[in-house]
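Notes follow once the structure below has been shown.
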Amino acid sequence: MTQVAEIRRPCAPSETTVDLPPLHHYIDGAFVTDPTTATMPVINPSDGAVIAEVPLGSAADVDRAVAAAGRALASWQNTTPKERADILLAAAGRIEEHADALAALESWNAGKPHAVSADDVASAVDTFRFSAGAGRAFTEMGAADYVADHTSLILREPVGVVGVVVPWNYPLLMAAWKIAPILAAGNTLVLKPSEQTPLTVLRLVEIIGDLLPAGVLNVVLGTGPDVGARLADHPDIDLVALTGSVASGKAVATTAGQSLKRVHLELGGKAPVVIFDDADLAAAATAVATAGYWNSGQECGAATRVLVHESVADEFTERLVEQVRGFVVGDPRAGDDVEIGPMVSQPHFERVAEFLERALADGATAAVGGVPLGGPGFFIAPTVLTGVAPGSEASQQEIFGPVVTVETFVDEDEAVRRANEVEYGLAASVWTREVARSLDVSRRLDFGTVWVNCHLVLANEVPWGGFKGSGYGRDLSVYALNDFSRTKHIQLNHSR
Ligand code: NAD
């Protein structure tokens, strides 16, 4: 008999509401209203209540924003790295000043536990600060003669106008991961937040908008097939960057291919956690309990797929289940100690619930959880599935909920082969005390990030991005600045 979590609810939800930002597109330095535009509801996933109505943008709104971004580019791209850095640092300060309000708004709209929202805001501040400094410090090869009497100079230029599409799981943070390096590199942009979670991006532009020249940063609200697709299609957009699902990535890349614009894709993940028989099992179980269920498992790098040596599988699983059983599940407004919130929407809740149903029908066992919880709101019991068959859907597909699967392996070659057999290539971790094995296995794993004896540890200095079905392009670090820049070779003939 598995134990199922209860949902903690706030005593008086009506007293815990948060101020709303302006509920409009932000184009050419101002919030623009159009009373005739259709709207879409923004839902609180903890109780299903409507928080607000926001405009459903159209291709025409994108076109207005792209025109503004194009006009702004002429002067923004000629500012110095220091001038841009001063603005990004000021923006970081503003975000920090509004940190509590931003975190509360994020928790309300996305159902995030307070610890996650607070971490998102702090990380966004650091992304702005890192990008400000990195934009001033990043370098190219030196000017030199590579052909006799011909001096080569490499100029780094912004790409131009960038279209950005971000998901609902980290609404503010994923926007910051794009906005800060894109601006630091001298580009202007038009960003579309997720239709489910537009509120913190609107608050962000409200609090930092006056720091930027009009048109440098624009936000258009709306759906993927309308606003997102127009960003991929627009002839005056030079690069389109999407963080989202594989299906959306394919749609954007296909559309962008028609105009040969550059594409930057951060897509899904299904991170394997490879635990060898010499691993520190207590540390591994604690790391999976954190990194597997962070943001209620709605995390592209989550430690979601454990592959553990058969000789230590029972001990590892017992340690993990003990911690998962103790999670506080609830509405984030019911206390800062809530660890697991709801799924972001009714459709996503149903998707995760159906995944669980099929996994159990396929022969997996719920060592804890395994079921949806009662409403209101979209809660799934924190779950550990054991006996998950290699190659089964639960082992291969991104569930994106508070669900960790456990599979066993017999030897190292099998562990590496099975870890690599997923279509994704975003992140993985390896758990062993043997140094040579940790490096050798890391090199054989086909993932953009491989952690050794840790999982989901990120820093702004190091790149984030995937291989295979997880897309291409890098967020964070100077690699992101590179992706949002282009290089020009100027060669001077100085023969006399
Ligand atoms: P999603 O693909 O449904 O939506 C992401 C964004 O793409 C939304 O703004 C959506 O409106 C837009 N979109 C949808 N169809 C589009 C189209 N045809 N053209 C243009 N835009 C379109 O993803 P989601 O459900 O919001 O987010 C979850 C997914 O994002 C997961 O797969 C997760 O792994 C991934 N993700 C990846 C990273 C990473 O860094 N690799 C980070 C966070 C989330």
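All ligand and atom numbering here is 1-based and tracks the order in the structure. The first residue of the sequence shown is numbered 1, and numbering continues consecutively from there.
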Polar contact flag, side-chain donor to acceptor under 3.5 angstrom, Ser395-Ser392
no
Option with minimal heavy-atom separation from atom 20 (C) of ligand 1, where the choices are Ala251, Gly228, Pro198
Gly228
Heavy-atom nearest neighbour in the protein, as seen from atom 38 (C) of ligand 1, with distance rounded to 0.1 Å:
Cys300 SG, 2.9 Å
Do the side-chain N and O atoms of Asp61 and Ser58 include a donor-acceptor pair separated by under 3.5 angstrom?
yes
Atom 15 (N) of ligand 1 [closest protein heavy-atom partner, distance rounded to 0.1 Å]
Ser248 OG, 3.3 Å
Side-chain donor-acceptor pair under 3.5 Å between Gln396 and Glu421, yes or no?
yes
Could you list the atoms of ligand 1 found under 4.0 angstrom from a heavy atom of Asn169?
43 (C), 44 (C)
Exercise: do Trp431 and Ser429 side chains pair donor with acceptor under 3.5 Å:
yes
Criterion salt bridge (Lys or Arg N to Asp or Glu O under 4.0 Å) on Asp483 and Arg262, from CA distance to verdict
CA-CA 9 Å; Asp483 285 355; Arg262 284 166 66 170; 5.8 Å; no
Indicate, as side chain, backbone, both or neither, the part of Thr243 found under 4.0 angstrom from ligand 1 when only non-hydrogen atoms are considered.
both
Below 4.0 angstrom from a heavy atom of Glu195, which ligand 1 atoms are there? Numbered from 1 as shown, please.
8 (C), 9 (O), 10 (C), 11 (O)
Under 4.0 Å between heavy atoms, the region of Leu267 that gets near ligand 1 turns out to be backbone
Is the Phe400 to Trp168 ring centre distance short of 6.0 Å?
yes
Checking the N or O distance criterion of under 3.5 Å, is ligand 1 in contact with Thr223?
no
If we only consider heavy atoms of Ala229, is any one of them less than 4.0 Å away from an atom in ligand 1?
yes
Atom 8 (C) of ligand 1 sits nearest the protein heavy atom Val166 O, 3.5 Å
Less than 4.5 Å apart, side chain to side chain, heavy atoms only: is that true for Ile399 and Lys270?
yes
Is ligand 1 under 4.0 Å from a heavy atom in the side chain of Met174, in the backbone, in both, or in neither?
side chain
I want to check a possible cation-pi pair here: Arg351 against Phe349, using under 6.0 Å from ring centre and within 45° of the ring axis as the test.
no
Atom indices of ligand 1, in the order listed, that fall short of 4.0 Å to a heavy atom of Trp464
39 (C), 40 (O)
For ligand 1, does Leu426 get within less than 4.0 Å through its side chain, its backbone, both, or neither, judged by non-hydrogen atoms?
side chain
Should you measure from each heavy atom of Leu242, which atoms of ligand 1 turn up under 4.0 Å away?
7 (O), 21 (N)
Apply salt bridge (Lys or Arg N to Asp or Glu O under 4.0 Å) to residues Arg203 and Glu106 and explain how you reach the verdict.
CA-CA 10 Å; Arg203 176 72 80 212; Glu106 197 77 301; over 6 Å; no
Tell me which protein heavy atom sits closest to atom 24 (P) of ligand 1, plus the residue, atom name and distance to 0.1 Å.
Trp168 NE1, 3.1 Å
In this structure, atom 22 (C) of ligand 1 is nearest to the protein heavy atom Gly224 CA, 3.3 Å
Given Pro167, Gly244, Ser194, which one has a non-hydrogen atom that is nearest to atom 29 (C) of ligand 1?
Gly244
Run the numbers on Asp47 and Arg333 for salt bridge (Lys or Arg N to Asp or Glu O under 4.0 Å), then give the verdict.
CA-CA 11 Å; Asp47 60 13; Arg333 296 170 299 173; 3.2 Å; yes
Considering only protein heavy atoms, which is closest to atom 28 (C) of ligand 1, and at what distance to one decimal place?
Phe400 CE2, 3.6 Å
Atom 23 (O) of ligand 1 has as its nearest protein heavy atom Ser245 N, 3.4 Å
If you count the non-hydrogen atoms of other residues, nucleotides and ligands that lie under 6.0 Å from OH in Tyr479, is the total more than 12?
no
Residue Val252 vicinity, atoms of ligand 1 by number, heavy atom under 4.0 Å
19 (N), 20 (C)
Between Asp126 and Arg129, is the salt bridge (Lys or Arg N to Asp or Glu O under 4.0 Å) condition met? List the steps.
CA-CA 5 Å; Asp126 196 44; Arg129 292 203 170 121; over 6 Å; no
What residue among Asp34, Thr39, Thr33 forms side-chain hydrogen bond (donor to acceptor under 3.5 Å, both in side chains) with Thr37?
Asp34
Among all protein heavy atoms, pick the one closest to atom 7 (O) of ligand 1 and tell me residue, atom and distance.
Val165 CG1, 3.2 Å
Indicate, as side chain, backbone, both or neither, the part of Glu398 found under 4.0 angstrom from ligand 1 when only non-hydrogen atoms are considered.
side chain
